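Reviewing the structure listed below.
Note that the structure is predicted; figures quoted are calculated from it, not measured. Naming convention: chains lettered A, B, ... in sequence-line order (proteins, then strands); numbering from 1 in each chain.
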2 protein chains.
Amino acid sequence: MGAEVATANMTASQLYAALKRDLIDGRFAAGQKLAITALRQRYGVGLSPLREALNRLAAYGLLEQENQRGFRVPALKRAELDDIADLRRRLEGLALTQALQAGGDEWEAGLLAAFHRLKRADGTPGQLEHWEQMHLQFHRHLLEPCGSAWLLRFIEQLHDQFDRYRRMAPANDTIRERLNVQHGQLVELAMARDVPAARALLEEHIRLSHEVARGACQEDRTRVEERG
Amino acid sequence: MGAEVATANMTASQLYAALKRDLIDGRFAAGQKLAITALRQRYGVGLSPLREALNRLAAYGLLEQENQRGFRVPALKRAELDDIADLRRRLEGLALTQALQAGGDEWEAGLLAAFHRLKRADGTPGQLEHWEQMHLQFHRHLLEPCGSAWLLRFIEQLHDQFDRYRRMAPANDTIRERLNVQHGQLVELAMARDVPAARALLEEHIRLSHEVARGACQEDRTRVEERG
DNA sequence: CCATAGTAAAAAATCGATTTTTCATATCAT
DNA sequence: ATGATATGAAAAATCGATTTTTTACTATGG
């Protein structure tokens, strides 16, 4: 497992953020049980703040809490990924429609800026984590003005779940290039306020990401290996 | 505040359930800061399990966690209720469509049973909490076979949020009677697999509940008092 | 008189130790 | 030999005490 033994003290929310990042990034094996004592050392924190962070993550859906048996990283299940991707498509479709109607000039400016940062971050090796950040921020900004805080909350939650699969999946440069192109097209259609086209493209974008993310599932990997 | 000082020990999940129930039931004033020491006594538990439950509830959205300033009951805001109700309508609409396509014989049987229990529970004074349970179970059962665990999860979360408003609102017997009638009509349309009609009715049902729940918001109450 | 810095009280967060529960291994009876 | 039960080790959950942070109050200077 990771070698990062943080000696410096962290605040509670920093601990939560670090754990969340490591979970989405797949730094703990799916299905694995978390050893609390080991985590305590890894993050250099006491028991109480650690357990509180784990409880929050369990409520968020990034951990499973078993009766008196500690915390477990959820398994990566093909059926659940399909559910997550399907719902993402529908919810982000809703949000985009509203965002295109509500977004103002300031939003357009921010969208261009976010897209620019995303493009710059792409293709730079060793900067993967930075690209992930820019990518998340781009998609977040796109839907931001939709007007529903709860819808955005659920979309974010699904996005985090989805990323757990996507980051685990083997890279696919062909699809990745297509996805990158779509980001630019999304910006154009958003600026043009072309609701049906933008929505169709966003749904296609998620479908394509879904295709990549499937590579993270046990079932699919086995199937691929059997073929090869 | 409540007089219930539980002497018997509770498990962690019982404590979570009790706190959640009390929050949805409005037993803590909206906007109020929770005094941890008082809660410790009220539920008869130690600090650690209590804080863990509060953290979970904050992640769920039934509490707000401020930096190093403890936990606060979220205020009841008109705009947020509108958001919650609007999203409920859309998400439950989606789920119902799928549920009507997927639900089998066993589901139909269960739906009739749930409706029967709901009817029996109605109008019995002093059994309000029991009616609330049956009501929740009825709506849950209606959407159950929709096939998306995440959609059901979000719907449940929104339902809990919505109920915090509805239970706080003054009773309205006229509307309540109409809502009760709609439950029966929903069962009929569901059994007939009439997707468009069932969906329209469910959305109307939520719209009507929304009207009731609005009575919980400060702004609306003031407006009513000014008129009277 | 108002603003600001200092101080004491209160509350929240964290820690280390203790208790309880689970898990794995070995023993015994059938 | 197999299955059930007991026992010890390990892990999780809980507790009480300590430390840190916030808040309310007071005094002091402008």
Only counting residues at least two apart or in another chain, list the ones meeting side chain to side chain contact (heavy atoms under 4.5 Å, CB included) with B/Asp160. B/Lys20, B/Ile24, B/Tyr60, B/Glu156
Sorted by number, residues from residues 57-69 of chain B placing a heavy atom under 4.0 Å from DNA chain D are B/Gln68, B/Arg69
Sequence neighbours excluded, which residues qualify as ring pair (Phe, Tyr, Trp, His ring centres under 6.0 Å) partners of A/Tyr165? none
Between B/Lys33 and B/Pro49, name the one whose nearest nucleotide on DNA chain D is closer to the 5' end. B/Pro49
So B/Leu34, base contact, sugar-phosphate only, or nothing? Heavy-atom distance under 4.0 Å. sugar-phosphate
Atom-pair distance (CZ on B/Arg40; P on C/dA11), nearest Å: 14 Å
Non-neighbouring partners of A/His205 that pass ring pair (Phe, Tyr, Trp, His ring centres under 6.0 Å), sequence neighbours left out: A/His139, A/His183
With sequence neighbours excluded, what pairs up with B/Glu132 under the salt bridge (Lys or Arg N to Asp or Glu O under 4.0 Å) test? B/Arg166, B/Arg167
Residues in salt bridge (Lys or Arg N to Asp or Glu O under 4.0 Å) with B/Arg117, at least two apart? none
Sorted by chain and number, sequence neighbours left out, side chain to side chain donor-acceptor pair (under 3.5 Å) with B/Glu106 holds for none
Would a distance-only check, ignoring hydrogens and angles, find a side-chain to backbone donor-acceptor pair under 3.5 Å from B/Gln157 to B/Phe154? no
With B/Glu211 via salt bridge (Lys or Arg N to Asp or Glu O under 4.0 Å) - residues at least two apart: none
First and last nucleotide of DNA chain D touching chain A, 5' to 3', heavy-atom cut-off 4.0 Å? D/dA12 to D/dT14
